[in-house]
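Quick caveat: nothing in here was measured; it's all calculated off a predicted structure. The sequence lines fix the lettering, A, B, ..., with proteins before strands; numbering per chain opens at 1.
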Amino acid sequence: MTLALPRPVARRLSLRRPRPGLAAAGLVLLLALAAVIWPALFAGDPLAADPLRVLEAPSAQHWFGTDQLGRDVFDRVVHGARHSLSIGVAATVIAVGAGILLGLIAGLAHRVADEALSRGFDALAAFPLVLLALLFIAIAGTGTTSLVVAIGIATTPHYARVVRAQTLVVRQAAYVTHAVAFGGSRVRLVLRHVLPNVLGPIPVLAMIGLGEAVLIAAGLSFLGLGPQPPSPEWGAMLSEGRGYLHIAWWASVLPGAAVTATVISLTVIGRHLQNRFEGRPA
Amino acid sequence: MIRAIARRVASGAVVLWAAATAAYLALLAAPGDIVDSLIGDGADTPQIRAQIIAEWNLDRPAVVQYLDYLWRAAQGDLGRSYLLQRPVGEVIGDQVPPTLKLAVAAAVFGVALALVLAVTTRHRWARRASSAAELVIVSTPPFLIGIVLLSVFSFRFGLFPVSGDRGWAALVLPAVTMGLPIAGVLAQVLRDGLDRALDEPFAITARARGLRERAVLIRHALRHALMPAVTMLGWLTGVLLGGTVIIEQVFGRPGLGQVTLQAVGNGDMPVVLAVVVLAAAAFVVINTAADLAYLVIDPRLRRS
């Protein structure tokens, strides 16, 4: 039943209010992207140790202070963007690729196969990500590659479920049934007619998913399961700096803040795009 | 009603079987000799090799090995840690109480904070500030939250112990660290639920009867908002199970997370497999309980 009901005022207003948060998020992502592409433009050598300047507080010379080996924390955070974000991106690429493939199969396959795959997605999605990644790493060994693959596998169901749902809708569409009537190979049918039409929501989902992947990657490398020291990965830096927390908070807190800023920005922009995509005011 | 319960219990059993099988297949899929991967970095002597072969029936056909593994897992026998040379059940059993204590404290804190936030921040500015804070908390790695709390409350003010599990004071910071992200997510869900419930005709009726806004909110809207929150129970379990690994590391607490991490680091597969199966079991129990809670809360579901 639909009645003319009073909606909260705040939600109506939010349509037209300026979006400083969105602009800030965009700026952070641009900076992160720049740091990934050309870190040397902003920052010096992330491995240059200066034993005379150990654990110095942030200053004009060392914006983020120095760590326990006298390395500049700002330089390391900038260079770390490449490590941390490329792990996230690689994991998301794996997850999106596998998700599209499995989702298509589940959506087009026979009922029994669909049911089995869907239960599999449910179980995988429900299981704690960290434990799943730990299981994979226990089997495949530690290292950046297993970290990437582990996060990729663990986040696959996000995309597979969406692609499956889209496929179920698209396969009923007139253009698909017509294409079937015209004959032609099934592979061509799927690639030309089904695939392009199920991909719509994927880019936005991948953006939000990338934030999650970066967060998990930082967590696992904090546990020592990712890139090994001295590589300037954000989670690993945090783990290294943790031992000096009582005298130098900046060596661990600031790399962590870089993770947070990146993930918030990805989430804010991803949610904004999602709301626009679905025609909802946010 | 009985049939509905039976169906859910049966599907829980299937999930458990799938988890145990997946763990077993994962072990088989591990590169290299299965005896090597079972030993990991543990002591490698001919006696231990013989013991492993006998224990996992590695000299028997694959089907027999698998069925035997399932049979023993069903009886609670999860094998032996090759690193510690003790039954896995014992190794894990010792670590369950501290982890459980942490998980329960974190869940209670997180849920309570989410309720308070969702109910008290109804006005424009409070709502926006709270939503922004929730976004920041949810996007922050939990170990960073822990480290910031440690550096402020333990190092700066010396209010709480830095590490370990002695007394209740040591529980405060870890529970807050793990509870904050839970509150961040749940508060968003509850707030959406409240918004939707307050738009419903019954809310207007209640207002028309002269109830004050707060009474409408707490007596009428909140119940409806709680329904989607119950759905999040499964998610909550996942956060707690996965979160303990990281939180215990940050705060140097004993527990399942520490054992798992050590086992992963040393390739002590029996322990890793047992933790995975145990996590799946915890998961199934809580999800089944949530499903049954629905049946109790909503009579409409009982008929189908």
Side-chain angles (χ1 to χ4, degrees), chain A residues 1 3 5-11 13-14 21 119-120 122-123 126-142 211 214-216 218-220 222-225 234-235 238-239 241-242 245-247 249 252-253 255-257 259-268 271, chain B residues 14-15 18-19 22-23 26-27 29-31 37 122-124 127-128 132 135-136 138-144 147-148 150-151 154-155 162 195 198-201 203-204 234-235 237-243 245-246 249-250 260-261 263-265 267-269 272-273 275-276 279-280 283 287:
Chain A
M1 90 158 132
L3 289 171
L5 299 169
R7 305 195 69 82
V9 183
R11 260 196 288 173
L13 285 178
S14 66
R119 289 294 138 268
D122 287 350
F127 206 70
L129 253 165
V130 176
L131 278 186
L132 215 67
L134 280 177
L135 175 65
F136 184 84
I137 290 168
I139 292 163
T142 52
V214 169
L215 207 55
I216 303 160
L220 290 172
F222 171 77
L223 295 175
L225 302 171
W234 291 340
L238 225 158
S239 174
R242 192 168 62 106
L245 190 59
H246 53 297
I247 38 177
W249 56 268
S252 47
V253 172
V259 179
T260 309
T262 311
V263 176
I264 291 179
S265 305
L266 285 168
T267 312
V268 165
R271 279 189 193 171
Chain B
V14 170
V15 172
L27 184 63
S37 43
R122 299 295 306 164
H123 294 290
R124 228 176 113 198
R127 180 193 181 90
R128 261 201 184 154
L135 177 64
V136 172
V138 171
S139 307
T140 306
F143 50 89
L144 178 62
I147 278 176
V148 170
L150 262 183
S151 77
S154 294
F155 289 124
V162 172
D195 287 349
L198 286 176
D199 281 358
E200 294 277 332
I204 299 184
W235 163 85
T237 327
V239 173
L240 292 173
L241 285 172
V245 180
I246 289 173
Q249 174 80 356
V250 172
T260 313
L261 206 58
V264 169
D268 193 352
M269 287 311 287
V272 178
L273 295 190
V275 169
V276 168
F283 212 80
N287 270 315

| note | Honestly, the part of B/Ala280 sitting under 4.5 Å from a heavy atom of chain A is both
| Taking every non-hydrogen atom, the tightest pair across A/Leu215 and B/Thr140 | CD1-C, 4.0 Å
| If every non-hydrogen atom of B/Gln249 is compared with every non-hydrogen atom of A/Arg242, which pair is closest and at what distance? | O-NH1, 3.1 Å
| query | Side chain, backbone, both or neither: which part of B/Ile246 has a non-hydrogen atom closer than 4.5 Å to chain A? | reply | both
| Nearest non-hydrogen partners of B/Ile147 and A/Ser252, listed with the distance | CG2-OG, 4.0 Å
| remark: chain B shares the most heavy-atom pairs under 4.5 Å, among A/Leu223, A/Val259, A/Val253, with A/Leu223
| task | Output the option from B/Val136, B/Thr260, B/Val148 having the highest count of non-hydrogen pairs under 4.5 Å with chain A. | result | B/Val136
| Most chain A-contacting option - heavy-atom pairs closer than 4.5 Å, from B/Ser151, B/Pro141, B/Ala279 | B/Pro141
| said: Applying side-chain contact (heavy atoms from CB on, under 4.5 Å) to A/Leu134 and B/Leu261, what does each step give before you reach the verdict? | reply: CA-CA 8 Å; A/Leu134 280 177; B/Leu261 206 58; 4.1 Å; yes
| query | Of the backbone (N, CA, C, O) and the side chain (C-beta and beyond), which part of A/Ala257 lies under 4.5 Å from a heavy atom of chain B, both, or neither? | reply | backbone
| note | If one checks every heavy atom of B/Val138 against chain A at 4.5 Å, the contacting part turns out to be backbone
| Listed by chain and number, what are the side-chain contact (heavy atoms from CB on, under 4.5 Å) partners of A/Thr267, not counting sequence neighbours? | A/Val263, A/Arg271, B/Leu135, B/Ser139
| task | Sort A/Val214 into side chain, backbone, both or neither according to what part of it lies under 4.5 angstrom from a heavy atom of chain B. | result | neither
| request: Using a cut-off of under 4.5 Å on heavy-atom pairs, state which of A/Thr260, A/Leu220, A/Val130 scores highest against chain B. | output: A/Thr260
| query | At a heavy-atom separation under 4.5 Å, does A/Leu129 approach chain B through its side chain, its backbone, both, or neither? | reply | neither
| query | Is there a side-chain contact (heavy atoms from CB on, under 4.5 Å) between A/Leu135 and B/Val264 once you walk through the steps? | reply | CA-CA 7 Å; A/Leu135 175 65; B/Val264 169; over 6 Å; no
